[in-house]
Undergrad: 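I have a structure here, written as structure tokens, and I will follow up with some questions on it.
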There are 2 protein chains.
Amino acid sequence: MIDIALFDEHRLALEGLSGLLSGVSDFRVVLNCDDRNVLTEKLKSIQVHVLILNMHDISVRNLNLIVQLTISSPKLKILIISVIDSEEIVLKTIKAGAKGFLGKDSDRNSLLEAVYTLRNGHDYYSKSITHLLLNRYISSLKADELSQNSDINNLSSRQVEILKLWGESYTNQEIADKFFISVRTVESHKNHIMQKLNLKSTVDMVKFAIKNNIIEI
Amino acid sequence: MIDIALFDEHRLALEGLSGLLSGVSDFRVVLNCDDRNVLTEKLKSIQVHVLILNMHDISVRNLNLIVQLTISSPKLKILIISVIDSEEIVLKTIKAGAKGFLGKDSDRNSLLEAVYTLRNGHDYYSKSITHLLLNRYISSLKADELSQNSDINNLSSRQVEILKLWGESYTNQEIADKFFISVRTVESHKNHIMQKLNLKSTVDMVKFAIKNNIIEI
DNA sequence: ATTGCATTTACGTGTTTCACGTAAGGGAAG
DNA sequence: CTTCCCTTACGTGAAACACGTAAATGCAAT
């Protein structure tokens, strides 16, 4: 029997999540909670194996919640569910102490699998996440093969900075002024970005930036 | 019997939501969807009474989805579920054409109530939302509902053609060759588009084209 | 039928960005 | 110390952009 606590600020989502788990005989949902403070209070008295945190946004507040719970309940396994599943976010939650992460591509089976896996003392990350986490490791080994994959991880931070501003309709000159570098340098950065990502036009670069959440539509 | 379509980018949440509705005998969930494009496609063929959209973020893209569906399926009642329920956000979705909004304080009963209410031709907003909004304010917003998305309609078909090709990374020269016109003419068209839509850069033009489904990401 | 207006077409001029090189200096890794 | 990548920067020619001007067309209203 696995004792589970559920947290979701959104009551509807909380109930939905609760429903997904209630059918499983091995599971016992001992706590449904939509209030951060109530959660931390309750977890001091009752002991659960797995805490499922549905995070609608990954704010410092939410990350802190993970950190706090990790400290106060070292044996508690925290599973994050979030529709926001960029590499940065996943890494932050892991760093904060989460043992599992389910992105938006996850379904009920992934959830059940994740709970079992965490209960058994292992980490669980959904497919897209694993792929994401492995990518930078693999890319360091097989840089040539993967250089064709238009992956944001291959961009340097400077290149992302430039791309971000340019995606907000800054002109090269404005970007140059902002960073105190030459316009030619800005052009160079953009050239390198296009080469690296194998993009054939600036239009493609905009699309790439949008796809990779570098800029907002 | 009320036919319902469900959309949620997050599969887990989608399944949870589906579970919350499945127990009700009056309801028939005919479509579960986690892909924006699939949704619009499917809704062209099957007819549902209520579409429930769970929005994890209220982006222009999401708002535009509402607008598009409102235009293509005028009889469809759209119910928004979102953990983000600030006044501004709610107003935007209503403006876009949504007939109901459930904020984070809503539970399963609110959901069922909302679906019934929408099916009966009325609007539904959860408690916290209702007291936020003045009725006359809502109705004044609805008046200009149709004039809001007139931007795209102001473009001539030629302008849209050009924008479409350019959005597919065609160069001006290629577009000119395709239409047997001068490169300068292509430039003129683009200039006119930018003037007409009050865009200040080509990056903005890409974004506009994406927002208005002229080009695909 | 003529007026009026937006559209489509096109060009001129000057600025900006793109595409493709080259290359120096810095820092991290081996 | 060497190697490799990143950052910085420049050169050149082509392409695209910004801002005008302007003629021919098409269409709707009077």
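Below, chains carry the letters A, B, ... as their sequence lines are ordered, and counting in each starts from 1.
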Undergrad: Do B:Ile181 and B:Ile175 come close enough that some side-chain heavy atom pair is under 4.5 Å?
TA: no
Undergrad: Going by atom types alone, do B:His56 and B:Asn62 pair a side-chain donor with an acceptor below 3.5 Å?
TA: no
Undergrad: Side chain of A:Ser182, heavy atoms from C-beta onward: which of C:dT8, C:dT7, D:dC10 has the nearest atom to it?
TA: D:dC10
Undergrad: Identify, between A:Thr202 and B:Thr185, the residue whose nearest nucleotide on DNA chain C lies closer to the 5' end.
TA: B:Thr185
Undergrad: Between D:dA16 atom P and B:His192 atom NE2, what is the distance in whole Å?
TA: 18 Å
Undergrad: Check whether any side-chain N or O of B:Arg158 sits under 4.0 Å from OP1 or OP2 of C:dA6, and answer yes or no.
TA: no
Undergrad: Quickly work out the A:Leu199 CG to C:dC20 C1' distance and round it to whole Å.
TA: 16 Å
Undergrad: Go through D:dT7, C:dT8, D:dA18 for me and flag the one nearest to the B:Ser156 side chain.
TA: C:dT8
Undergrad: Report yes if at least one side-chain N or O of A:Asn172 is closer than 4.0 Å to OP1 or OP2 of C:dT15; otherwise report no.
TA: no
Undergrad: Inspect the contact between B:Glu187 and B:Lys190 and indicate whether a charged nitrogen and a carboxylate oxygen are less than 4.0 angstrom apart.
TA: no
Undergrad: Nearest to the A:Glu187 side chain among D:dA18, C:dA19, C:dT8, which nucleotide is it?
TA: C:dA19
Undergrad: Quick one: which of D:dC17, D:dA16, D:dT7 gets closest to the side chain of A:Gln159?
TA: D:dT7
Undergrad: Taking only side-chain nitrogens and oxygens of B:Lys190, does any of them come within less than 4.0 Å of OP1 or OP2 of D:dC17?
TA: yes
Undergrad: Write down the distance between CH2 (A:Trp166) and P (D:dA16), rounded to a whole number of angstrom.
TA: 14 Å
Undergrad: Should the side chain of B:Arg184 and the base of C:dT13 be counted as holding a donor-acceptor pair, with the cut-off at 3.5 Å?
TA: yes
Undergrad: Between B:Lys164 and B:Glu161, is the closest basic N to carboxylate O distance under 4.0 Å?
TA: no
Undergrad: Less than 4.0 angstrom between a side-chain N/O of B:Lys196 and OP1 or OP2 of C:dT7, yes or no?
TA: yes
Undergrad: Could you tell me how far apart A:Asn198 (CG) and C:dC20 (C1') are, to the nearest whole angstrom?
TA: 15 Å
Undergrad: Tell me the interatomic distance from A:Gln195, atom CD, to D:dC5, atom C1', rounded to whole angstroms.
TA: 13 Å
Undergrad: With a 4.0 Å limit, can you tell me whether B:His189 has a side-chain N or O closer than that to the phosphate oxygens OP1/OP2 of C:dT9?
TA: yes
Undergrad: Take atom CD1 of B:Ile193 and atom C1' of C:dT8, then tell me their distance rounded to the nearest Å.
TA: 12 Å
Undergrad: Decide yes or no, distance alone: a donor-acceptor N/O pair under 3.5 angstrom between the base of C:dC11 and the side-chain of B:Ser188.
TA: yes
Undergrad: Taking salt bridge (Lys or Arg N to Asp or Glu O under 4.0 Å) as the criterion, tell me which of B:Arg28, B:Lys75, B:Arg119 meets it with B:Asp3.
TA: B:Arg28
Undergrad: I need the CG-P distance between A:Asn191 and D:dA15, as an integer number of Å.
TA: 16 Å
